[in-house]
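In what follows, every chain begins at residue 1, and chains take the letters A, B, ... in the order their sequences are listed. The analysis underlying the following values was restricted to heavy atoms, covering all of them including side chains, and did not include hydrogens, waters or symmetry mates.
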Amino acid sequence: MVQVPRGTRDFPPDEMQKRRYLEHNMAATFTSFGYGEIQTPTFENLELFTAKSGESIINELYAFTDKGGRALALRPELTAPVIRCYVERLQMEPKPLKLFYFGNCYRYDRPQKGRYREFQQAGCEVIGTDTCEATAELLALAYTLLRNTGLKNIRLNIGNLTIISAIFKKLHLLKDDQKILLPLIDKSQFDDLKIALRDCNVSDQMGDAFIEVLQTSDVTKIRSFIADDTDAKTELTTMETILDLLKNAFHINEYEIKLSIVRGLDYYKGLVFEIDAPVLGAEKQLCGGGSYDLVPLFGGTEVPTSGFAIGFDRTILALEEEGFLFPTPKLDVFIIPVNQTMNTISIQIAQELRSHGISADFDQLRRGVGKSLKYADAKHVEKVIIVGPKELENKTVTLRDMKTGNQEIVALPDIYTKLKKI
RNA sequence: GCCCGAAUAGUGUAGCCUGGUAACAUAUGGGACUGUGGAUCCUCUGUGCCGGGUUCAAAUCCCGGUUCGGGCCCCA
């Protein structure tokens, strides 16, 4: 039997209901914040993704050569394509430019729960502003977006790469050292980090202090550690302004400063953040983002950019874990012709209801009333119309409420007004 | 890419250790039943992931592969 390829999935109707709900819900939040939707191609020129991350990323890409010999790749994420599109045709748009997107992405990874080779991302980019209010809004949007979906338990952690870089400089750490240290910081493996710092000729005293700063959410502790670096101090003050706005203007209090948030991709700079759903366990990260620099790399005029991406599939898993009840759009009316001579009138009624925005279906298997009622029940239909010759003599039909079992005789012209109350 | 576990009707499971006719529940289709039977009863169809090996005989034992799940690596 032919199966779906490794790491990919089919989405039957009951899954698609959840996915569409989430898409509509998220799109509504994005648009309420003044964002416009954008869509880019599923595949791009390979160099778009190797430009910053280097050739090694090809191992994690679905990369291929087309019949014209072009080196292409299925997109592994959407930030680079959106910025490519901006540079290519949107540079003269009024600023700030606020874009959001949904799209399937592809990575050649080992699949596990919440992790697939084809997965969906939702996300956004803000181009043309790096004011504190813009950054605060980005944080607020990410948090609000996930909250609006119905998620109860999420954690927002905020870090800052400018401050981390300043600390690296202060500890006289070289680029090569950072490559070893950053992954350890990202994974919060502080015991290993301590040993690695020692290998990098950092004194135990400084190393311990650094590790403490990485774990604290106390701003004064961070400030005293970076007291002799003006850039870092300025950045910290900016961050405080942002957090102040987040708290007092956007009224979002649930966040933690966590300097160990450093993100994987190296085009980020300044403020970075992640949102976790603890219910998901090992693969718990739902959202990641921050400020980054990609526009000049793609040949555009330098402009501030920031954004975030949300793991759409994981958001659904998290909602399911929390026992969230997804809204389930149902068929409004099922029409049962008592016999085949009732087919024409049944179809006419269905069409009439459909034209009034009431979803309607009729028995197409020529089943008896009993079997049809059972079918309507299995489909969780609200109302059933039974069309039979006895009532039809008086231009009426039977309207049955499937919840209560109550039945009434309704004149044909009154069906629509009777059902409109649903 | 690495380590561990799993895979049996559409779905959920039993049987596997100790090789011998593949089973149960549920769902689907049909019927009892030519208008109320959302019930009940009857019934058809439908199952061993793939490939090799051992054996008179493999769902069962062995090997390889595939996919899924758990954990690494990496990341969303």
Legend entry - Which nucleotide in B:rC73, B:rG35, B:rG38 has an atom nearest any side-chain atom of A:Arg115: B:rC73

Inset, instruction - Return the nearest nucleotide to the side chain of A:Arg6; candidates are B:rA39, B:rU67, B:rA76. - result: B:rU67

Inset, instruction - Please work out which of the three classes, parallel, tilted or perpendicular, describes the rings of A:Phe308 and A:Phe30, given edges at 30° and 60°. - result: parallel

Inset, instruction - Scan every strand shown for a Watson-Crick or G-U wobble partner of B:rA76, both distances under 3.5 Å, and answer none if you come up empty. - result: none

Inset, instruction - Give A:Gly288 one of three labels, base, sugar-phosphate or nothing, depending on what nucleic acid heavy atoms sit under 4.0 Å from its own. - result: nothing

Inset, instruction - For A:Gln121 and for A:Met402, find the nucleotide of RNA chain B with the closest heavy atom, then tell me which residue's nucleotide is more 5'. - result: A:Met402

Inset, instruction - With the side chain of A:Leu365 defined as its heavy atoms from C-beta on, choose the nearest nucleotide among B:rG70, B:rC75, B:rG30. - result: B:rG30

Inset, instruction - Both distances under 3.5 Å, Watson-Crick or G-U wobble: report the partner of B:rC61, or none. - result: B:rG53

Legend entry - Nucleotide opposite B:rA27 in a Watson-Crick or G-U pair, distances under 3.5 Å: none

Legend entry - Flag, side chain of A:Gln215 to backbone of A:Ile211, donor-acceptor distance under 3.5 Å: yes

Legend entry - Nearest-nucleotide pick for A:Asp377, side chain only, options being B:rG38, B:rG35, B:rA76: B:rG38

Legend entry - Partner nucleotide, any strand, of B:rG69 [Watson-Crick/G-U, under 3.5 Å]: B:rC4

Inset, instruction - Please state how far atom CG in A:Asp109 lies from atom C1' in B:rG70, giving the value in whole angstrom units. - result: 16 Å

Legend entry - A:Phe326 ring center within less than 6.0 Å of A:Phe324 ring center: yes

Inset, instruction - Starting from P on B:rG38, measure out to CZ on A:Arg400 and report it in whole angstrom. - result: 6 Å

Legend entry - Separation of B:rC75 P from A:Ile275 CD1 (nearest whole Å): 19 Å

Legend entry - Integer angstrom distance from the C1' of B:rU66 to that of B:rG51: 10 Å

Inset, instruction - Look at the side chain of A:Arg367 and decide which nucleotide, out of B:rA76, B:rG30, B:rG35, has an atom nearest to it. - result: B:rG30

Inset, instruction - Provide, to the nearest angstrom, the distance between the CZ atom belonging to A:Arg75 and the P atom belonging to B:rC75. - result: 21 Å

Inset, instruction - To the nearest Å, give me how far apart CD (A:Gln407) and C1' (B:rG38) are. - result: 11 Å

Legend entry - Length of the line joining A:Arg366:CZ and B:rG30:C1', which is rounded to integer Å: 15 Å

Inset, instruction - Would you mind telling me which of B:rU36, B:rA76, B:rC3 lies closest to the side-chain atoms of A:Glu391? - result: B:rU36

Legend entry - A:Gln112 side-chain proximity, nearest of B:rG71, B:rG38, B:rC74: B:rG71

Inset, instruction - Give me the ring orientation class for A:Phe210 and A:Phe225: parallel if the planes are under 30° apart, tilted from 30 to 60°, perpendicular past 60°. - result: parallel

Inset, instruction - Provide the distance between the two C1' atoms, one in B:rG46 and one in B:rU8, to the nearest whole Å. - result: 13 Å

Legend entry - First of A:Lys371 and A:Ala309 reached from the 5' end of RNA chain B, by closest nucleotide: A:Lys371

Inset, instruction - Measure from OH on A:Tyr375 to P on B:rG30 and round the result to the nearest Å. - result: 12 Å

Legend entry - Atom-to-atom span, CZ of A:Arg110 to P of B:rC4 - whole angstrom: 12 Å

Inset, instruction - Among B:rA76, B:rC68, B:rG38, find the nucleotide with the atom closest to the side chain of A:Gln285. - result: B:rA76

Inset, instruction - Could you measure between the two C1' atoms, the one in B:rA14 and the one in B:rA7, and give it in whole Å? - result: 15 Å

Inset, instruction - Step through it carefully: locate the ring centre of A:Phe100, locate the ring centre of A:Tyr35, and say whether they are under 6.0 Å apart. - result: no

